[in-house]
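To find a chain, count down the sequence lines: A is the first, B the second, and so on, and within it residues start at 1.
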2 protein chains.
Amino acid sequence: MKVTINDVAKHAGVSIKTVSRVTNNEPSVKQVTIDKVNSAIKALNYQPNLAARNLAGTKSYVIGFIYDNPNAYYIIDMQNGILSACKDLGYELLIHPCNSTAANICKELTDLVKHNRLSGLVLTPPLSEDPVILAALDEIDANYVRIIAGEKVDTNNGLAVLVNDRSGAISITQHLIDLGHKHIAFLSGDHEHASTKERLAGYKQALTNNQLSINDDFIIDGKYSFESGVQGAKDLLKQRTRPTAIVACNDEIAAGALFAARLEGVDIPAEISIVGFEDSPFSRQTWPKLTTVHQPNEEIAHIATELLIAKRKDKPAQLGKVFLPEPVIRDSTTQVRG
Amino acid sequence: MKVTINDVAKHAGVSIKTVSRVTNNEPSVKQVTIDKVNSAIKALNYQPNLAARNLAGTKSYVIGFIYDNPNAYYIIDMQNGILSACKDLGYELLIHPCNSTAANICKELTDLVKHNRLSGLVLTPPLSEDPVILAALDEIDANYVRIIAGEKVDTNNGLAVLVNDRSGAISITQHLIDLGHKHIAFLSGDHEHASTKERLAGYKQALTNNQLSINDDFIIDGKYSFESGVQGAKDLLKQRTRPTAIVACNDEIAAGALFAARLEGVDIPAEISIVGFEDSPFSRQTWPKLTTVHQPNEEIAHIATELLIAKRKDKPAQLGKVFLPEPVIRDSTTQVRG
DNA sequence: GCCATAAGATATAACGATATAGTGCGAAGT
DNA sequence: ACTTCGCACTATATCGTTATATCTTATGGC
């Protein structure tokens with residue numbers, strides 16, 4: 001019933017180690033032999049047993065996805081991207097939601113890696129940006145790829161996929177400036193996320209690029225949540241000079257700002273334009289539909305996983321890749337009123 | 001470095017088989033011996049190696065979560081519920097998103113079970129309601145628990161956790177009737193989902209219970225999507241006599257209806273009350289916040305997983321459990337206008 | 001032509017659990 | 001008193017791979 005490596009070896013007339021060499025792309029096998037083995041594998045529909053590989057070998061063929069993020073859309077996209085890369089490369093995925101601020105988070109993660117002998121980890125913010133956690137993982141020599149906000153790949157990053165949030169923020173802010181807005185506010189996300197810092201920097205950069213002054217009253221501290229968006233927008237609307245546009249640090253905050261505007265009877269976009277960041281599905285389900293910045297999360301996760309697995313195969317080490325988020329113009333932004 | 005069963009056996013002064021018996025709660029071990037072994041396990045911080053268990057034993061200690069559902073909130077909730085049960089019981093989770101209408105879906109799932117020797121499957125709609133898929137799984141004698149819409153546990157269901165969507169729909173429709181609404185419309189979800197049928201039946205039941213007539217023009221076919229909600233609500237708003245309230249088959253459809261109402265300049269809830277179903281996070285992020293029906297998805301998934309694993313342990317077979325979704329009153333419903 | 005070396009393959013020991021067969025010993029049956 | 005039985009436990013085979021050590025055969029250098 002079950003086809004094992006022994007069956008393949010017998011069928012191909014070679015030893016099991018040779019079959020193992022072929023399935024693992026190891027050197028020292030003649031092409032003729034490789035072909036013999038491969039056709040035996042195909043003929044018998046052989047699939048290596050993961051548990052046995054795991055037990056005998058040093059690689060587990062299992063990668064872990066570690067996250068601490070309440071954004072379901074983001075997580076699902078990431079999972080799907082990782083999963084598609086895993087499927088292509090014969091790996092399996094272990095998902096591990098966690099609390100990055102838990103006291104024992106380092107032990108939790110290192111135990112996870114050790115107990116499951118994980119081949120690698122995909123880390124998302126804020127875990128991917130926490131030096132204490134990274135140090136703990138380095139100590140046990142764990143493989144990981146970080147998904148982080150940043151502008152260019154460099155060796156200090158380790159293996160990383162960068163999302164250039166700054167450039168995305170510059171583009172979307174420029175979009176507002178191009179519409180004639182001069183009083184543009186910023187609703188920030190959690191400060192533990194580097195993305196918040198980068199998006200804020202991009203917002204400021206765009207203002208500066210256009211000789212617009214930076215008004216500190218227009219930069220509101222907050223968190224990556226709907227409620228924070230509601231509160232932040234309320235605060236903005238109370239000010240003597242109201243902004244004519246708001247850059248929200250993500251779509252949820254933007255949705256909260258939309259909500260607050262409605263509470264105060266402010267029409268969006270006629271009176272105030274609002275933009276989000278992320279292009280999550282619900283940015284298409286608000287009224288009006290949100291202008292936002294698109295991040296190809298599934299692709300980001302796919303590439304990250306490929307990098308991670310490639311590293312283990314000792315291929316020419318590619319250190320990372322940078323993604324440029326692009327604006328998506330919908331209905332929550334318009335020309336500033338004369 | 002790594003603690004194995006041999007270390008535990010040596011430390012406790014027994015054979016490895018005895019340790020195995022203790023860790024698996026098998027009979028024929030004296031209490032004194034059990035205590036000795038357990039204290040050795042604790043002293044050495046022993047954790048059984050999953051790969052070895054998997055390879056040697058008949059159980060894999062891995063359960064699969066199979067889903068075909070674009071609703072990220074739902075999936076994340078389910079994953080978390082399954083994961084928490086798995087953690088308690090020493091199991092691992094393999095997630096498997098798929099396309100339930102793919103031609104080779106049966107082979108895909110049976111191969112998945114066979115190749116990973118999955119201990120069991122958690123199936124969600126529409127997969128959990130597809131007789132062809134269930135038959136294929138029965139054929140290979142796979143263990144599974146179904147999460148389905150229904151009213152009572154019975155042996156025909158196999159292992160199942162039921163969500164009494166009908167009662168939820170009755171309650172929420174009754175809420176509208178209690179507010180004085182007599183012209184209540186229904187926006188349906190996909191007809192492949194039993195939940196659609198059940199929710200429609202509950203809606204009708206509530207009308208009947210209150211001697212209100214069922215108007216077929218007020219029952220609009222659709223799908224579980226925002227766009228479908230937009231279209232359905234548009235159709236309703238065009239009718240000669242507009243409904244004063246709408247029951248949407250889920251929150252996404254309700255959000256779509258909200259959007260369509262705004263497009264047409266119809267005030268919610270002043271002119272029309274709208275209710276959703278599911279209580280997903282974004283039902284709190286719409287304007288106005290949605291009145292909806294709460295489903296404890298995480299708990300449902302947790303219980304389902306416990307049932308699944310308990311079955312494999314040959315405990316007194318409990319067949320299932322029924323959940324009653326309850327209305328959550330927010331701001332999208334109000335007294336009908338005099 | 002002979003030895004050193006590498007390439008290509010094999011035989012077999014691990015990996016860390018569970019499963020199977022078997023042992024010793026006290027209690028019960030005749 | 002002698003077998004029989006069942007409980008509590010041990011010794012060891014086993015699962016399906018990878019890893020290690022070893023063997024054989026070609027290849028090149030002198």
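When side chains are defined from C-beta on, A/Y144 counts as touching A/L134, because their heavy atoms get closer than 4.5 Å. The shortest distance between side-chain heavy atoms of B/Y73 and B/N297 does not fall below 4.5 Å.
Under 3.5 Å, the side chains of A/H302 and A/E298 contain no donor-acceptor pair of N or O atoms.
Whole-Å rounding puts the B/Y46 OH to C/dG16 C1' distance at 7 Å. Distance CG (B/N6) to P (C/dA17): 8 Å, rounded to an integer number of Å. What separates CG of B/L44 from P of C/dG16 is a distance of 14 Å, to the nearest Å. In this structure, the CG atom of B/D7 is 10 Å from the C1' atom of C/dG16, given to the nearest Å. With rounding to whole Å, B/N49 atom CG is found 12 Å from C/dT18 atom C1'. Here the P atom of nucleotide C/dG8 and the NZ atom of A/K36 are 13 Å apart, to the nearest Å. In this entry the distance linking CG of A/N116 with P of C/dG16 reads 15 Å, nearest Å. For the pair B/I5 CD1 and C/dA19 P, the computed distance is 11 Å after rounding to whole Å.
Contact annotation: A/T33 side-chain N/O to C/dG8 OP1/OP2 distance is not under 4.0 Å. Contact between the side-chain N/O atoms of B/T4 and the OP1/OP2 oxygens of C/dG16 is not found at any separation under 4.0 Å. Phosphate proximity of C/dT18 to B/S20: present, with a side-chain N or O under 4.0 Å from OP1 or OP2. For B/K2 and C/dG16, the shortest distance from a side-chain N or O to OP1 or OP2 is below 4.0 Å.
As judged by a 4.0 angstrom heavy-atom cut-off over every strand, A/Y61 is placed among residues making no nucleic acid contact. Among the heavy atoms of the strands lying under 4.0 Å from A/Q47 are primed sugar atoms or P, OP1, OP2 only; no base atom is included. If you check every strand for non-hydrogen atoms under 4.0 Å, B/N54 touches nothing. Within 4.0 Å of A/I16, counting heavy atoms only, lies at least one base atom of the nucleic acid.
Of all nucleotides in DNA chain D, those with any atom nearer than 4.0 Å to a heavy atom of chain A start and finish, going 5' to 3', at D/dG16 to D/dT20.
The two residues A/K2 and A/D7 come nearest to each other via the heavy atoms O-OD2, 3.6 Å. The heavy-atom pair separating A/C98 from A/E108 by the smallest distance is CB-OE2, 3.4 Å.
In the set C/dA9, C/dT10, C/dA17, the nucleotide with an atom closest to the side chain of A/K17 is C/dT10. Of the candidate nucleotides C/dA19, C/dA21, C/dT12, C/dA19 has the atom lying nearest to any side-chain atom of B/T58.
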Exercise for review: List the steps and the verdict of side chain to side chain donor-acceptor pair (under 3.5 Å) for A/E92 and B/N116.
Suggested key: CA-CA 10 Å; A/E92 224 138 88; B/N116 297 87; 3.1 Å; yes
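Taking the nucleotide of DNA chain D with the nearest heavy atom to each of B/A56 and B/T18, the more 5' of the two is matched to B/T18. Looking at which nucleotide of DNA chain C each of B/R21 and B/A51 is closest to, the 5′-most match is held by B/A51.
Each of A/D111, A/N104, A/T110 was scored for a side-chain hydrogen bond (donor to acceptor under 3.5 Å, both in side chains) with A/K107, with one residue passing: A/D111. B/L121 pairs in a side-chain contact (heavy atoms from CB on, under 4.5 Å) with only one of the listed residues (B/L127, B/L109, B/V113, B/N143), which is B/V113.
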